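Reviewing the structure listed below.
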Number of protein chains: 2
Amino acid sequence: MPDHPQEGPTTHRLGADERRRQILDAALTLFAHHGYAGTTTKAIAREAGITEGLIYHYFGGKAELLVELAKQRSALLLEVRSLLRDEGDAPAARTMPRIARGWVELVRHQGDLVIMLVSEAHAHPEVGAAFAALLDEVRGGLQGYLDRRVAAGELRADLPTAVAAASFLSTLLMFFYTRAELDDAAWEVEARRFTTALLDVWLRGALAREDAP
Amino acid sequence: MPDHPQEGPTTHRLGADERRRQILDAALTLFAHHGYAGTTTKAIAREAGITEGLIYHYFGGKAELLVELAKQRSALLLEVRSLLRDEGDAPAARTMPRIARGWVELVRHQGDLVIMLVSEAHAHPEVGAAFAALLDEVRGGLQGYLDRRVAAGELRADLPTAVAAASFLSTLLMFFYTRAELDDAAWEVEARRFTTALLDVWLRGALAREDAP
DNA sequence: GTCTATACGGAGATAGAC
DNA sequence: GTCTATCTCCGTATAGAC
């Protein structure tokens, strides 16, 4: 990959990639807070610190911003994959708390993206598909891990792993969605408390009997 | 859910209440499918089979439609309350399936309202508040029931009832939200399958040990 | 109570100077 | 690469006829 060094006395000019990111970030923030249709190109330009016309130099139009952002879920997915891979086949009783924390922090960290995906899911098929694909991929990953723990005998053999995984993830997702406006400190406390209690219920429903052979 | 068939502008006169409902129904359908900001007053009029001007005879403006619809959650709440009350203090093992089915059918039946509440929650504080209040009220009701089952000794004493209730409800809500476009037949099948599996995991995590001392 | 006609502002988008 | 100026259309809302 060749570098594209901006040589010369570039004062306030930015590289194309950097500028694109800046515009997308501005759009994402506003889409999450006011919705796609409720956000004007003027507001995006203002948030990004540029003028309206420049948006059209980098993108075909407002709609393209939405599509581009929906694709960003791949970035999110990469993080999730590494999260799940790191845990390998360690015991669920010790690993699930870490997965829970990782998922919660991920969703929180990518909060605007998640809010946008959920909010616009029904108005824009591409967004809905991206959201569904994201959830499904994560669910599939977690399910795979659970299946391995079933095979290892830690989790009970008749555990419906797909639904168990979906329940786990969607509960935490919904928790975030209804608490997104908490400040970081309050969020830390609430999230920890909620996650702990959820693991209590969930693990008991999934574990094999301790007194099994 | 397909759009209602559009009737041309009618000369029929309706009672005020009936006309208001008609307009609100049209608005709800469109808000759920295209979002509030993505819906034009023209489209609402068309969907309701009237002209644009008439909307302003019955409502102060587009924003008032949204607020009015958000208040409708009370209707939903009433249904939920009766659902929970009917179950009284019967054993959870036999009652939770009925509660699950009731909640799922309710959410499905009021699908457009639920989608609107979720989708617009972050863009409009009033809607967000209405959604939070709805979930919280239902969660509180279910939690109350769970507490009684704990007292009765059916559910374990250290069950975190608030989180257990929240998890149960939000899992099913999210299931609906990501499957809203299924036709009724497919929905029946999927919903039954999913609910059964969820109850399996959830109940095992909540019940007192059968082999307890 | 309902429709027709229209005002008014703002939205997305383009052209062209620098 | 960035901004200024501007175009066109459409969205909300109102006035007034029937």
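Every chain is numbered from 1, with letters handed out A, B, ... down the list of sequences. Predicted, not measured: the structure shown is a model, and the values here were computed from it.
A 6.0 Å sphere centred on CZ of A:Arg21 holds more than 12 heavy atoms belonging to other residues, nucleotides or ligands.
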Pairs: protein N or O with nucleotides 15-17 of chain D N or O, under 3.5 Å:
none

Which atom pairs link the protein and nucleotides 7-13 of chain D when you take only N or O atoms and keep those under 3.5 Å?
unit_1	atom_1	unit_2	atom_2	d
D:dT12	OP1	B:Thr39	O	3.4
D:dT12	OP1	B:Lys62	NZ	2.9
D:dT12	OP2	B:Thr41	N	2.6
D:dT12	OP2	B:Thr41	OG1	2.9
D:dA13	OP2	B:Tyr56	OH	3.0
D:dA13	OP2	B:Lys62	N	3.1

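In the set C:dT2, D:dC3, D:dT2, C:dT2 carries the atom at the smallest distance from any side-chain atom of B:Tyr58.
Using bins of under 30°, 30° to 60° and over 60° for the plane-to-plane angle, the ring pair B:Phe175/B:Phe194 lands in the parallel bin.
When atom types are taken as modelled, the side chain of B:His109 and the backbone of B:Glu105 share no donor-acceptor pair closer than 3.5 angstrom. Between the side chain of A:Thr39 and the backbone N or O of A:Leu30, at least one donor-acceptor pair lies under 3.5 Å.
Under the 4.0 Å criterion applied to side-chain N and carboxylate O atoms, B:Asp136 and B:Arg139 are assigned as salt-bridge partners.
Look at CG on A:Leu65: it is 13 Å from C1' on C:dA13, rounded to the nearest Å. Atom pair B:Leu54:CG and D:dT14:P shows a separation of 14 Å (rounding to whole Å applied). In this structure, B:Ile55 atom CD1 and C:dC3 atom P are separated by 11 Å, rounded to whole Å.
Between the side chains of B:Tyr177 and B:Ser119, at least one donor N or O lies within less than 3.5 Å of an accepting N or O.
Between D:dG1 and A:His57, a contact under 4.0 Å exists linking OP1 or OP2 to a side-chain N or O.
The minimum heavy-atom distance linking A:Tyr58 with A:Ile23 is given by the pair CD1-CD1, 3.9 Å.
When heavy atoms are screened at a 4.0 angstrom cut-off, A:Phe59 is found touching no nucleic acid atom at all.
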Original post:
Taking it one step at a time, do A:Asp112 and A:His33 satisfy side chain to side chain contact (heavy atoms under 4.5 Å, CB included)?
Top reply: CA-CA 8 Å; A:Asp112 281 346; A:His33 286 50; 3.7 Å; yes
